[in-house]
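These notes are about the structure you will find just below.
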Amino acid sequence: MVITEVRIKLMEDNNERLQAFCSITFDDCFVIRDLKIIEGTKGSFVAMPSRKLTDRCTCGCKNHLRARYCNQCGKKLDENRAIRAADGRAKLHADIAHPINSACREVIQTAVLKAYQEERERSKQPGYVCSYDEYDGEYEDSFTQVVTELNAPRANAGSSYRTHAGHAPRGTHAPSQESTPVAAHEDDGSPGFGAGVL
């Protein structure tokens, strides 16, 4: 795969370590968004998109691993419940998308950092507009485009994909004449919903 486009969104200078967000496009057909360019102790590096890790309280509610108290029941949570990496740091995030070898990581990081430097230079020009913010507008008709492409004849098989047939309109369930309205059960003391099931 070839990286065909990198888009950068520069952050304000008052952000301590986060320098920019970026998206990368592979082969003009697959985009990964929300990569971060972060200033580290040894220079800038690219962090892959990630999500916060969670665990469950005894009440069953999910909480982020940094949470001190349960969001549902308020119980105090163990602050050392996160898994520790080899260097002793708590693992609080998991990558959503990431390279699986160092060669791929280096290709991505080199392309992103090069685009970042170019974007910083462009940002100094009058009339600078960030291209990252306009990204979503390009894909407004993406569903129609995908269906059209899927319906195009395949080169090898000579057939085409079929779209899923539309569903009939959903009707409402009209109560039968035998059924009693629920409101009638509320006042007369008779058993309510589910009575006699078991």
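Count residues from 1 along the sequence.
The pair E5-R7 meets the salt-bridge criterion, with a side-chain N (NZ, NE, NH1 or NH2) lying under 4.0 Å from an Asp/Glu carboxylate O.
The side-chain heavy atoms of R33 and V31, taken from C-beta on, include a pair separated by under 4.5 Å. Residues C59 and C70 form a side-chain contact, since some pair of their non-hydrogen atoms from C-beta on lies under 4.5 Å apart. Contact check for N63 versus T54: no side-chain heavy atoms found under the 4.5 Å cut-off. Residues K91 and L53 are in side-chain contact: their nearest non-hydrogen atoms beyond the backbone lie under 4.5 Å apart.
The two residues V46 and Q109 have their closest heavy-atom pair at N-OE1, 3.1 Å. Closest approach of R120 and S123 over heavy atoms only: O-OG, 2.6 Å. Nearest heavy-atom pair across A67 and L77 is O-CD1, 3.8 Å. When all heavy atoms are compared, the tightest approach of M48 to L35 is CE-CD2, 3.9 Å. Minimum interatomic distance between I37 and Y116 (heavy atoms only, all atoms of both residues): CD1-CB, 3.5 Å. Between L113 and S44, the shortest heavy-atom contact is CD1-O, 3.8 Å.
With hydrogens and angles ignored, the 3.5 Å screen pairs no side-chain donor or acceptor of D34 with any backbone N or O of I32. The closest donor-acceptor contact from the side chain of K62 to the backbone of H64 lies at 3.5 Å or more, if one exists at all. At least one donor-acceptor pair under 3.5 Å links the side chain of D27 to the backbone N or O of V2. Counting only distance, with no hydrogens or angles, the side chain of T4 and the backbone of D28 share a donor-acceptor pair below 3.5 Å. A donor-acceptor contact shorter than 3.5 Å links the side chain of R17 to the backbone of E39.
Heavy-atom neighbours of E118 CD from other residues, nucleotides or ligands within 6.0 Å: above the threshold of 12. No more than 12 heavy-atom neighbours from other residues, nucleotides or ligands sit within 6.0 angstrom of CZ on R89. Within 6.0 Å of CZ in R66 there are 12 or fewer heavy atoms belonging to other residues, nucleotides or ligands.
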Practice problem: Please step through side-chain hydrogen bond (donor to acceptor under 3.5 Å, both in side chains) for the pair E119 and Y128, ending with a clear verdict. | Solution: CA-CA 10 Å; E119 191 75 14; Y128 165 75; 2.5 Å; yes

Practice problem: May I have the step-by-step check of side-chain contact (heavy atoms from CB on, under 4.5 Å) for Q19 and I38, ending in yes or no? | Solution: CA-CA 6 Å; Q19 296 174 318; I38 298 174; over 6 Å; no

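Atom NZ in K114 sits 12.0 Å away from atom CD1 in I8 (nearest 0.5 Å). Rounded to the nearest 0.5 Å, atoms OG1 (T25) and CD1 (I3) are 9.5 Å apart. D78 CG to C57 SG: the interatomic distance, rounded to the nearest 0.5 Å, is 11.5 Å. A distance of 6.0 Å separates NZ of K9 from CE of M11, quoted to the nearest 0.5 Å. We find the SG-CG distance between C130 and L10 to be 6.5 Å, quoted to the nearest 0.5 Å. R68 CZ to K76 NZ: the interatomic distance, rounded to the nearest 0.5 Å, is 7.0 Å.
Residue I100 is not grouped with residue I108 when hydrophobic side chains (ILVMFWY) are merged at heavy-atom distances under 4.5 angstrom, including chains of intermediate members. The same ILVMFWY cluster, assembled from side-chain heavy atoms under 4.5 Å apart, contains both F30 and M1. I96 and L92 are assigned to two separate hydrophobic clusters, defined by single-linkage of ILVMFWY side chains at heavy-atom distances under 4.5 Å.
In this model, no donor atom of one side chain and acceptor atom of the other lie less than 3.5 Å apart for S50 and D95.
Relative to the six-membered ring of F21, K36 misses at least one condition, a distance below 6.0 Å or an angle of at most 45° to the axis.
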